[in-house]
Amino acid sequence: MISDKLQEATSYDPTKQSQSRTISQLNEEIERKKISLPIYQRDLSWTLQKAVDLFDYQLYGKAPVAPLSLNRISLDDDFSVTQVEVITRQIIKEDDVKEGQLSIIDGQQRLTTNYKAYIDDPSFANIVLDIKKGQFRIIKNTPNKFQIPVGKLLNKSQEYMMRYIQDVMKMASFSEVTTLIAIRTKMLQYSYTLHIANEMNETEQIEWFEVLNNAGSKVSALQMTFAKLGSKQNFDIYARYGEPFKKLIEDFDLNNLFSPYTTNVSYPVALLNPELELLTVDYTGHKNNYAPIPSDTKEKLLINLSIDDLDKITSNSLKSLDKALHFFEDYGLAGKITRMDYILYVSGYISFKGLENEKIPKLIDWVKEVEFSNLDNTKRRILFTELLEI
């Protein structure tokens with residue numbers, strides 16, 4: 001006998017739900033909060049160069065950009081997946097979620113990149129269209145008269161662009177002005193295909209998310225832990241911990257140690273280990289497997305913590321990180337910090353021991369003398385345990 005599941009599967013075709021939207025329409029829907037993110041979505045990970053590549057492709061590409069995948073929310077169902085605003089990640093109150101609102105499963109980076117240009121986001125201030133070179137570029141200085149910032153070119157207001165062309169670029173050539181208008185029109189009218197699912201539950205969304213966000217591969221256990229913290233605990237660890245962690249690293253010009261997305265996730269979680277051990281273990285002495293290294297992250301423990309405990313360990317870990325970074329700066333050690341291990345170990349030390357004046361000379365010597373190269377995980381664990389004993 002044929003399975004009922006097979007007969008049910010033939011009754012619908014999700015490809016018939018595909019639609020088309022222009023970038024301009026998508027931007028307007030994000031602005032009106034008709035498009036949002038499920039809280040389990042990761043934070044923004046694209047570099048400025050990735051954004052430049054997208055703008056160039058949307059201007060010059062000879063094939064469409066890959067489709068976007070979204071879930072249409074129905075208020076008739078039990079609403080279970082918390083939604084957050086695009087870019088700000090502000091949690092949207094359940095009462096403010098609208099019937100038919102679209103929730104992004106795949107395409108956050110592309111949608112956000114276009115939306116940042118639409119609102120002239122300050123983070124895109126150094127991305128320009130260079131009209132002499134005929135390409136989008138990242139610049140370090142003030143734009144010259146042949147460069148128009150992407151936030152002016154693709155702004156929601158054409159008048160905003162025109163004022164910049166006239167007042168700043170001093171462009172008087174009719175052909176040059178009309179060319180810029182044509183570029184703006186083409187890019188804002190560029191169409192994306194939307195694959196839209198209807199009323200997917202949390203499990204179905206995360207399964208789809210797992211496949212789409214990694215081109216057919218499974219997401220890491222860490223990323224799924226972040227996802228589950230969002231969907232089950234309503235604790236947005238990206239906004240409350242991941243982003244502040246990254247910002248502290250950037251403020252000390254050490255973001256070159258923190259660029260691949262896999263480490264972007266694993267380093268902050270590794271630093272939670274010391275505070276997690278102090279919180280969850282009857283502390284009679286440090287256990288080696290709570291070292292602040294990515295191989296020892298404690299996903300299962302994190303997912304079962306209360307929001308208060310999550311808030312406590314993330315807040316304390318950020319304080320230790322801040323103290324460690326100031327320690328490196330205050331004692332002229334910044335040039336020694338060539339890998340994240342220095343930051344994680346000293347921050348972990350501070351979580352356990354604080355930063356007492358009589359210990360500072362020994363800690364300085366440790367930073368100057370320690371060598372992390374060619375150490376396996378067992379030796380790394382022992383190294384942190386020995387650090388706690390100085």
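None of these values were measured; they are calculated from a predicted model. Computed over heavy atoms, backbone and side chain alike; hydrogens, waters and symmetry mates excluded.
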Please examine the side chains of [Y] and [X], heavy atoms only from C-beta on, and report whether any two atoms are closer than 4.5 Å.
| X | Y | result |
| --- | --- | --- |
| Glu176 | Thr179 | no |
| Asp53 | Phe136 | no |
| Lys145 | Lys170 | no |
| Tyr118 | Lys156 | yes |
| Tyr192 | Asn114 | yes |
| Leu154 | Phe55 | yes |
| Ser36 | Glu85 | no |
| Ile337 | Leu325 | no |

Would you please say whether a donor-acceptor pair under 3.5 Å links the side chains of [X] and [Y]?
| X | Y | answer |
| --- | --- | --- |
| Asp121 | Ser123 | yes |
| Gln135 | Arg137 | no |
| Ser173 | Ser175 | yes |
| Glu275 | Ser351 | yes |
| Asp120 | Tyr160 | yes |
| Glu371 | Ser373 | yes |

Looking at [X] and [Y], would you say the former's side chain and the latter's main chain have a donor-acceptor pair under 3.5 Å?
| X | Y | result |
| --- | --- | --- |
| Tyr190 | Val65 | yes |
| Tyr115 | Leu26 | no |
| Asn273 | Ala291 | yes |
| Glu277 | Pro274 | no |
| Lys186 | Leu59 | yes |

For the atom pair [atom1] ([X]) and [atom2] ([Y]), what is the distance rounded to the nearest 0.5 Å?
| X | Y | atom1 | atom2 | answer |
| --- | --- | --- | --- | --- |
| Leu194 | Leu70 | CG | CG | 5.0 Å |
| Arg184 | Gln189 | CZ | CD | 10.0 Å |
| Leu363 | Glu358 | CG | CD | 12.0 Å |
| Leu321 | Ile249 | CG | CD1 | 5.0 Å |
| Leu344 | Ser320 | CG | OG | 11.5 Å |
| Arg89 | Leu44 | CZ | CG | 8.0 Å |

Write down the atom of [X], the atom of [Y], and the distance for their closest heavy-atom approach.
| X | Y | answer |
| --- | --- | --- |
| Leu301 | Tyr290 | CD1-OH, 3.3 Å |
| Leu271 | Gly348 | CD1-N, 3.9 Å |
| Ser18 | His195 | OG-CD2, 3.0 Å |
| Phe124 | Ala51 | CZ-CB, 3.8 Å |
| Ser103 | Gln83 | OG-OE1, 2.9 Å |
| Lys323 | Leu355 | O-CD2, 4.4 Å |

### Task
List the steps and the verdict of side chain to side chain contact (heavy atoms under 4.5 Å, CB included) for Ile343 and Met340.
CA-CA 5 Å; Ile343 298 171; Met340 278 295 295; 3.7 Å; yes
### Task
Verify the ring-centre separation between Tyr342 and Phe328: is it less than 6.0 angstrom?
no
Mind checking whether [X] and [Y] sit in one hydrophobic cluster, side chains of I, L, V, M, F, W, Y counted as touching below 4.5 Å?
| X | Y | result |
| --- | --- | --- |
| Ile307 | Tyr241 | yes |
| Ile148 | Leu54 | yes |
| Ile390 | Phe352 | yes |
| Ile138 | Leu153 | yes |
| Val128 | Ile165 | no |

### Message
Among Ile30, Ile104, Leu111, Ile105, exactly one meets side chain to side chain contact (heavy atoms under 4.5 Å, CB included) together with Leu37. Which residue is that?
### Response
Ile104
### Query
Knowing that exactly one of Leu272, Asp311, Leu310 qualifies, which makes a side chain to side chain contact (heavy atoms under 4.5 Å, CB included) with Leu305?
Leu310
#### Entry: Working for salt bridge (charged side-chain N to carboxylate O under 4.0 Å, His left out), residues Arg339 and Asp341
CA-CA 5 Å; Arg339 52 195 298 161; Asp341 301 274; 2.6 Å; yes
### Query
After noting the C-alpha distance and the side-chain angles of Arg380 and Asp296, does the key distance pass the side chain to side chain contact (heavy atoms under 4.5 Å, CB included) rule?
CA-CA 11 Å; Arg380 288 173 181 274; Asp296 286 357; over 6 Å; no
### Query
Do the charged groups of Glu243 and Lys246 touch, with an N to O distance under 4.0 Å?
yes
### Message
What I want to find out is whether Lys247 reaches Asp251 closely enough, with some N-O distance under 4.0 Å, to be called a salt bridge.
### Response
yes
#### Entry: CD (Glu369) with more than 12 external heavy atoms under 6.0 Å
yes
### Query
Is the NZ atom of Lys34 crowded by more than 12 outside heavy atoms at less than 6.0 Å?
no
### Task
List the steps and the verdict of side chain to side chain contact (heavy atoms under 4.5 Å, CB included) for Ile382 and Glu386.
CA-CA 6 Å; Ile382 293 171; Glu386 291 173 346; 3.5 Å; yes
### Task
Evaluate side chain to side chain contact (heavy atoms under 4.5 Å, CB included) for Trp366 paired with Tyr349, printing each intermediate quantity in order.
CA-CA 12 Å; Trp366 183 88; Tyr349 172 89; over 6 Å; no
### Message
Classify the ring geometry of Phe384 against His286: parallel below 30°, tilted from 30° to 60°, perpendicular beyond 60°.
### Response
perpendicular
### Task
Look at the aromatic rings of Tyr331 and Phe327 and report parallel, tilted or perpendicular, splitting at 30° and 60°.
tilted
